[in-house]
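Only a predicted model underlies this, so the values are computations on that prediction, with no experimental measurement involved. Note: hydrogens, waters and symmetry copies are ignored here, and every other heavy atom, side chains too, is used.
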Amino acid sequence: MLLLLLAYLGGVLTLLSPCILPVLPFVFARADRPFLRSTLPLLLGMALTFTVVASLAAVGSQWVAQANQIGRWVALVLMAVFAIALLWPTLADHLLAPFQRIGARLSARADAADAAGRGGAWTSLLIGIATGLLWAPCAGPILGLVLTGAALNGASAGTSSLLLAYALGAVTALALAVWVGGRVFRALQARLGLGNVLRRVLGVAALLAVVAIGLGWDTGLLTRLSAVSTARIEQGLLDAVPDAQPAAPPMMMMAAGQAGAPLPVEGTLPSLSGATGWLNSPPLSAEQLRGKVVLIDFWTYSCINCLRAMPFVHEWAQRYRDHGLVVVGVHTPEFAFERDPRNVMKAVQQLKVGYPVALDNQYSIWRAFNNRYWPAHYFIDAQGNIRGHQFGEGNYAHSEQVIRRLLVEAGQTDLPPPADPAAADLQGVATQADMGNLRSPETYLGHARAEQFASPGGQRADAAFGYTLPSTLALNQWGLSGQWRVDDEAAQLQQAGGRIAFQFHARDLHLVLAPGEDGTPVRFRVLLDGKPLPAADAGADVAADGTGTVNEHRLYQLIRQRGTIGPHRFEIEFLDAGVQAYAFTFG
């Protein structure tokens with residue numbers, strides 16, 4: 001019962017999540033109709049669609065995912081027609097006459113039924129089902145918990161009940177919003193005669209929603225933004241309920257004494273057809289990979305954790321390539337610049353990635369695995385079953401043991417000896433983190449996820465502003481100096497001479513940076529505790545005199561201390577305008 005309540009509350013919080021924005025115009029377009037015969041059936045249709053599709057997806061069948069994608073595109077076309085009809089009724093009549101006549105008949109029947117005080121509910125229910133195909137809720141901690149249970153345990157009455165409770169929670173929040181919005185709309189229409197204006201506003205909003213869904217913003221950018229809006233509240237609810245979060249499923253990470261325990265089956269290899277492109281290989285399918293042991297590696301090229309794990313993935317790919325192992329890198333971007341195939345291709349060449357890489361710009365493969373981590377490794381046997389996973393860096397010896405066991409199961413008998421992780425030649429950013437001295441967390445500079453910002457006045461979202469640095473910073477606080485424009489992902493310097501400061505405690509300091517929008521390189525110099533950076537502590541991207549240049553979209557290693565580690569004030573001054581700063585990471 002507590003889990004049902006949590007699922008319901010998670011659904012209610014959906015109203016605060018950016019992922020609900022694309023469907024709001026379609027819901028509010030019927031806010032002027034009677035609530036019980038129009039709005040309520042529409043919202044119940046949305047809830048029903050979400051529950052059915054999510055429950056079927058737990059089975060893991062490929063046709064379910066494909067049918068859902070087809071349904072989304074059909075619904076998207078219909079909603080685009082709907083938006084055009086709101087904006088330009090005459091044009092829609094001429095260009096889309098057959099569809100308009102059908103829609104007009106349905107609408108007329110619904111209106112007549114509403115006027116007579118009867119019916120109309122079935123029409124609204126069908127519209128709600130179509131709208132539900134476009135609704136892609138952000139997977140916060142509560143929905144993630146429900147979907148993880150569904151993926152592990154398959155479809156069941158309990159899983160469907162939790163999904164339905166989540167959907168009903170979202171319906172409750174939307175119903176309240178539509179009820180209030182409907183009263184406002186009717187007041188504006190009656191008193192100010194703004195009926196046509198409201199119709200056109202809804203038409204513009206609906207078209208923007210169609211574009212957002214078509215570009216995948218509802219499941220990419222909005223999903224990432226949602227972590228800021230509701231994740232903390234949801235996690236607080238989970239933490240407040242004892243045993244709400246089930247124990248972790250059986251994984252491949254076992255103690256030495258359990259090395260012989262059977263590897264569980266955690267699901268089947270989902271479709272890879274959602275890739276927007278492939279590097280180093282023609283497109284691969286799950287069917288083509290049958291008979292091979294497969295390692296799926298989720299990564300993105302500016303992620304420090306991914307970069308530190310990558311040498312071990314390279315080693316496994318080379319060591320077991322001739323023994324039936326296929327490594328597939330799935331590049332799922334975190335920042336907008338990582339969507340550019342040219343940037344990814346350049347990173348693949350620089351990092352010497354020789355195995356196939358699927359570009360997952362629409363998060364299709366990410367969602368198919370219900371993944372939430374960079375890096376994440378999934379181990380698939382020759383029959384296409386997922387037999388283990390590793391989230392985050394580390395546990396390399398255990399991961400290799402799982403690979404070897406799956407190869408033996410597949411009939412391989414002459415395997416080379418396992419690699420020694422301690423003997424790996426790790427240099428630059430690939431050097432493993434100094435966990436004993438790591439007391440600073442990953443910190444984002446864009447206003448969507450920024451924390452511990454200490455410049456006076458706080459951040460000014462999406463507007464140029466002159467910032468100043470405080471004289472002192474507490475541990476893990478940071479600030480800006482100079483003229484900066486802070487958008488949701490990054491801070492962009494408007495004039496030369498700007499600075500970023502961070503009070504950190506770690507051996508290594510990295511900063512994800514990009515040159516100006518036109519690609520013009522940006523020079524910088526690094527200070528430590530107000531003095532020029534000692535040559536001995538310069539990172540891989542800093543010269544001995546503390547200077548460097550930002551000429552690519554990537555992660556830059558700015559500090560690697562060789563002596564005693566302690567708290568320090570880091571500052572970087574940019575000698576040219578245009579630089580874009582995304583996130584600090586440490587090691």
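Taking the side chain as every heavy atom from C-beta outward, S399 and F312 never approach each other to under 4.5 Å. Using a 4.5 Å cut-off on side-chain heavy atoms (C-beta onward), P515 and V579 make no contact. Annotation: side chain of L406 is in contact with side chain of R387 (closest heavy-atom distance under 4.5 Å). Residues P356 and L279 form no side-chain contact, since every pair of their non-hydrogen atoms from C-beta on lies 4.5 Å or further apart. Using a 4.5 Å heavy-atom cutoff, the side chains of W366 and W374 are in contact. For the pair T268/I386, no side-chain contact is recorded, criterion being any heavy-atom separation below 4.5 Å from C-beta on. Within the 4.5 Å cutoff, the side chain of L555 has no heavy atoms near those of the L511 side chain. In this structure, the side chains of F298 and I365 come closer than 4.5 Å at one or more pairs of heavy atoms.
A donor-acceptor contact shorter than 3.5 Å is absent between the side chain of H505 and the backbone of R439. Listed for the N280 side chain is a donor-acceptor partner under 3.5 Å among the backbone atoms of Y355. The main-chain N or O of P417 is found under 3.5 Å from a side-chain atom of R319 such that the two form a donor-acceptor pair. With hydrogens and angles disregarded, a donor-acceptor distance shorter than 3.5 Å links the side chain of D541 to the backbone of Q557. In this structure a side-chain-to-backbone donor-acceptor pair under 3.5 Å is present from T443 to P441. No donor-acceptor distance shorter than 3.5 angstrom exists from the side chain of Q503 to the backbone of Q477, with no hydrogens or angles considered. Side-chain N or O atoms of Q390 include one that pairs as donor or acceptor with a backbone N or O of G392 at under 3.5 Å. Between the E266 side chain and the P264 main chain, no donor and acceptor come within less than 3.5 Å of each other. With hydrogens and angles ignored, the 3.5 Å screen pairs no side-chain donor or acceptor of H553 with any backbone N or O of N343. Not a single donor-acceptor pair under 3.5 Å links the side chain of Q383 to the backbone N or O of G291.
Using the six-membered ring where Trp is involved, W316 and H377 have ring planes that are perpendicular, over 60° apart on the 30 and 60° scheme. F586 and F502 have tilted rings, their planes meeting at an angle from 30° to 60° on a 0 to 90° scale.
Among all heavy-atom pairs drawn from D360 and T276, the shortest one is N-OG1, 4.4 Å. Annotation for A368 and S271: closest pair CB-O, 4.5 Å, computed over non-hydrogen atoms. Annotation for V293 and A410: closest pair CG2-CB, 4.3 Å, computed over non-hydrogen atoms. Residues G274 and S364 share a closest heavy-atom pair of CA-CB, 3.6 Å. Residues L445 and V486 come closest through the heavy atom pair O-CG1, 3.6 Å. Minimum heavy-atom separation, E571 to A501: CG-CB, 3.6 Å.
At a threshold of 4.0 Å, the pair R449-E489 does not count as salt-bridged, since none of the basic side-chain nitrogens sits closer than that to a carboxylate oxygen.
Geometrically, R339 does not engage F337 in a cation-pi contact, judged by NZ or CZ lying under 6.0 Å from the ring centre and within 45° of the ring axis.
With rounding to the nearest 0.5 angstrom, the CZ atom of F570 is 9.0 Å from the CG atom of L528. With rounding to the nearest 0.5 angstrom, the CG atom of D381 is 6.5 Å from the CD atom of E409. Here CZ of R367 is found 10.5 Å from OG1 of T332. Values are rounded to the nearest 0.5 Å. We find the CD1-OH distance between I572 and Y556 to be 10.0 Å, quoted to the nearest 0.5 Å. For the atom pair CG (L289) and CG (L272), the distance works out to 6.5 Å, reported to the nearest 0.5 Å. Atom CG in L473 sits 11.0 Å away from atom CH2 in W478 (nearest 0.5 Å).
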Side chain to side chain contact (heavy atoms under 4.5 Å, CB included) assessment of F335 paired with S302: CA-CA 9 Å; F335 300 115; S302 73; 3.7 Å; yes
Kindly determine whether V408 and T413 satisfy side chain to side chain contact (heavy atoms under 4.5 Å, CB included), including the steps that lead there. CA-CA 6 Å; V408 170; T413 57; over 6 Å; no
CA sep, side-chain torsions, deciding dist, call: H447, D488, side chain to side chain contact (heavy atoms under 4.5 Å, CB included): CA-CA 5 Å; H447 63 73; D488 59 339; 3.9 Å; yes
Before you tell me yes or no, could you show the steps for D297 and V330 under side chain to side chain contact (heavy atoms under 4.5 Å, CB included), namely the whole-Å CA-CA distance, both residues' side-chain angles and the distance that decides it to 0.1 Å? CA-CA 6 Å; D297 173 28; V330 178; over 6 Å; no
Before giving the answer on side-chain hydrogen bond (donor to acceptor under 3.5 Å, both in side chains), spell out for Y444 and E334 the whole-Å C-alpha distance, their side-chain angles and the decisive distance to 0.1 Å. CA-CA 12 Å; Y444 295 90; E334 182 176 16; 2.4 Å; yes
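At a cut-off of 3.5 Å, with distance as the only test, a side-chain donor of N476 or S440 sits close to an acceptor on the other residue. Side-chain polar atoms of Q561 and H568 form a donor-acceptor pair below 3.5 angstrom. No side-chain N or O of Y373 forms a donor-acceptor pair with one of N305 less than 3.5 Å apart. Remark: the E400 side chain and the Y320 side chain contain an N/O donor-acceptor pair separated by less than 3.5 Å.
The salt bridge (charged side-chain N to carboxylate O under 4.0 Å, His left out) search around K346 returns E552, not counting sequence neighbours. By the side-chain hydrogen bond (donor to acceptor under 3.5 Å, both in side chains) test, N437 pairs with D434, sequence neighbours left out. Looking at residues two or more places apart in sequence or on another chain, you find no side-chain hydrogen bond (donor to acceptor under 3.5 Å, both in side chains) involving Q412. With sequence neighbours excluded, the residues forming a side-chain hydrogen bond (donor to acceptor under 3.5 Å, both in side chains) with R308 are E393, listed by chain and number. For the side-chain hydrogen bond (donor to acceptor under 3.5 Å, both in side chains) test, residues two or more places apart in sequence or in another chain that qualify with R560 are T431, D508.
Just one of L284, L269, L295 meets the side chain to side chain contact (heavy atoms under 4.5 Å, CB included) condition when paired with V328; it is L284.
The side-chain hydrogen bond (donor to acceptor under 3.5 Å, both in side chains) analysis of residues 321-330, with sequence neighbours excluded, yields no pairs.
In this structure, R342 places its CZ atom where only 12 or fewer heavy-atom neighbours from other residues, nucleotides or ligands lie under 6.0 Å away.
Proximity of the aromatic rings of F369 and Y378 is defined here by a centroid distance below 6.0 angstrom, and this criterion is met. If you look at H389 and F391, their ring centroids are closer than 6.0 Å.
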